[in-house]
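Data first, discussion second: the structure below is written as structure tokens.
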Amino acid sequence: MSRKGTKRVILLNADENFLCFIHWRKAIRQIYNGKMIAVKNSTKKLSEDLYIPLVVKMVKLIRTFYKSSVKYNRKNILIRDNFTCQYCGTKDGKMTVDHIIPRSRGGKNSFDNTICCCLSCNSIKANKLPSEAGMYLKNSNQPRKPTIMEFFLIKAKNMNIYDLLCDYGVY
């Protein structure tokens with residue numbers, strides 16, 4: 001598990017649909033209070049017979065209205081693009097967000113117009129269109145807004161818990 005994966009626990013509704021990620025301490029408190037049950041535990045022990053949970057399930061069904069879209073922000077752009085420069089394909093170094101159509105030329109702050117980019121490619125492209133700078137996206141698809149489920153699966157793969165979800169039957 002990644003660094004963040006050790007702190008986060010998958011929370012399932014009583015009908016076993018994914019709800020969210022919660023901190024492992026909150027999960028243990030809720031298990032102790034009888035509001036959740038541990039479905040899958042990690043190998044990390046807190047005490048003789050207490051393990052940090054990986055997946056917990058609500059005892060009672062919670063009616064939810066899912067968000068209709070993923071929030072636009074820098075972090076979510078980097079997650080969507082897997083922290084990979086969309087021009088050169090590198091994962092090394094600090095990543096920034098680049099506007100395909102620069103904001104000074106009328107480009108918008110949106111999932112469709114922004115991509116993950118390394119500092120060197122961003123400075124080469126500067127205030128130009130990619131074609132003017134002689135740069136082209138490695139991924140032939142135009143960037144787009146991910147659905148909630150696509151974004152959840154990307155985060156699960158980044159946290160190295162995708163196989164766990166498949167084993168449990170969540171996905």
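Starting from 1, each residue takes its place in the sequence as its number.
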Donor-acceptor pair, distance only, cut-off 3.5 Å: does the side chain of [X] make one with the backbone of [Y]?
X: Asn13; Y: Glu16; result: no
X: Asn113; Y: Gly107; result: no
X: His99; Y: Ile101; result: no
X: Lys125; Y: Lys128; result: yes
X: Gln86; Y: Lys138; result: no
X: Thr114; Y: Val97; result: no
X: Asn122; Y: Asp98; result: no
X: Arg80; Y: Phe111; result: yes
X: Gln30; Y: Ala27; result: no

> Asp112 and Gln142: which non-hydrogen atoms are nearest, and at how many Å?
Replying inline: O-NE2, 3.2 Å
Do the non-hydrogen side-chain atoms of [X] and [Y] ever get within less than 4.5 Å of each other?
X: Met36; Y: Lys60; result: no
X: Leu11; Y: Met58; result: yes
X: Ile100; Y: Pro143; result: yes

>> Taking side-chain contact (heavy atoms from CB on, under 4.5 Å) as the definition, give me every residue that meets it alongside Cys88, ordered by chain and number, with sequence neighbours left out.
In response: Cys85, Thr90, Cys118, Cys121
> Just wondering, more than 12 heavy atoms not from Phe21 lying within 6.0 Å of its CZ?
Replying inline: yes
